[in-house]
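Take a look at the structure below.
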Amino acid sequence: MGSRLMVARIVETEAYRGDEPACHAFVNLARVQRGLAPRGRSALLFDEPGLAYVYLNYGVHWLFNVVTERAGVAGAVLVRAAEPQSGVEHMRRLRPGIEDEQDLASGPGKLTRALDIGPRFNGRSLCVARELWLAAPQVRVPPRQIEAGPRVGISKAQGLPWRFCLRGHPCVS
DNA sequence: GTAATGATAGCCT
DNA sequence: GGCTATCATTACT
């Protein structure tokens with residue numbers, strides 16, 4: 001009986017902060033500043049760091065984020081691309097028809113499909129090794145290899161250089 | 001270039 | 001309640 005473990009190395013992210021309009025939490029900002037509880041989908045972004053925030057985008061794709069700020073302050077990091085490391089055969093089964101291994105998780109929607117990340121993980125901790133978790137990198141990435149640039153696919157708060165990726169990595173478009 | 005597909009927000013009555 | 005625009009994308013022509 002083979003392991004069902006899948007491991008992928010994150011190679012592209014985007015940061016979102018609750019006080020800028022591209023962030024889902026922005027619609028709750030005024031409420032929270034008045035001392036009211038956040039509500040709706042993005043209330044989770046005001047929760048404690050280390051939780052998963054998974055939401056449906058364009059009615060088609062689940063997108064995977066990590067809540068990053070202390071409770072009461074909204075912020076998250078969108079995980080946009082990852083490089084398959086092990087359990088690749090499982091990812092292939094979840095991404096039928098994809099030949100190139102580097103294309104299995106080379107986008108935020110592709111990544112959630114390849115790793116079977118769906119709404120069941122919304123609000124769950126990523127800090128305990130159960131079903132879905134974040135692990136420290138085996139090899140530390142030198143800051144010089146991390147390229148910062150403008151976020152993609154958004155219409156508000158453009159220009160902030162809050163997209164981060166490994167320079168020239170094949171999983172990054 | 002563009003269809004697919006559904007949740008959400010903001011507006012209206 | 002309803003209506004409409006928008007949307008952190010992908011795969012296909």
Just how far, in rounded Å, is [atom2] of [N] from [atom1] of [X]?
{"X": "A:R41", "N": "B:dG6", "atom1": "CZ", "atom2": "P", "result": "15 Å"}
{"X": "A:L45", "N": "C:dA8", "atom1": "CG", "atom2": "C1'", "result": "12 Å"}
{"X": "A:R151", "N": "C:dT9", "atom1": "CZ", "atom2": "C1'", "result": "16 Å"}
{"X": "A:K156", "N": "C:dT6", "atom1": "NZ", "atom2": "P", "result": "10 Å"}
{"X": "A:Q158", "N": "C:dT6", "atom1": "CD", "atom2": "P", "result": "14 Å"}

Answer yes or no: is there a side-chain heavy-atom contact under 4.5 Å between A:L115 and A:M6? yes
Give one of base, sugar-phosphate or nothing for A:V60, where a contact means two heavy atoms less than 4.0 Å apart. base
B:dA7 pyrimidine/purine six-ring stacking with A:Y55, under 5.5 Å and 30°: no
Determine, for A:R124 against A:E131, whether the closest basic-nitrogen to carboxylate-oxygen distance falls under 4.0 angstrom. yes
Indicate whether OP1 or OP2 belonging to [N] is found under 4.0 Å from a side-chain N or O atom of [X].
{"X": "A:H24", "N": "B:dT8", "value": "no"}
{"X": "A:R80", "N": "C:dT9", "value": "yes"}
{"X": "A:R95", "N": "C:dA11", "value": "yes"}
{"X": "A:S155", "N": "C:dC7", "value": "yes"}

Do the numbers put A:R151 on top of the ring of A:Y16, so that NZ or CZ is under 6.0 Å from the six-membered ring centre and no more than 45° off the axis? yes
Nearest-nucleotide wise, let me know which of A:S106 and A:L56 is further upstream toward the 5' end of DNA chain C. A:L56
Any strand is fair game: report the nucleotide pairing with C:dT6 by Watson-Crick or G-U wobble, both distances under 3.5 Å, or none. B:dA7
Under a 3.5 Å cut-off for both distances, is C:dG1 Watson-Crick or wobble paired, and to whom? B:dC12
Are A:L45 and A:L126 joined in one hydrophobic group, where the rule is that I, L, V, M, F, W and Y side chains link up if heavy atoms are under 4.5 Å apart? no
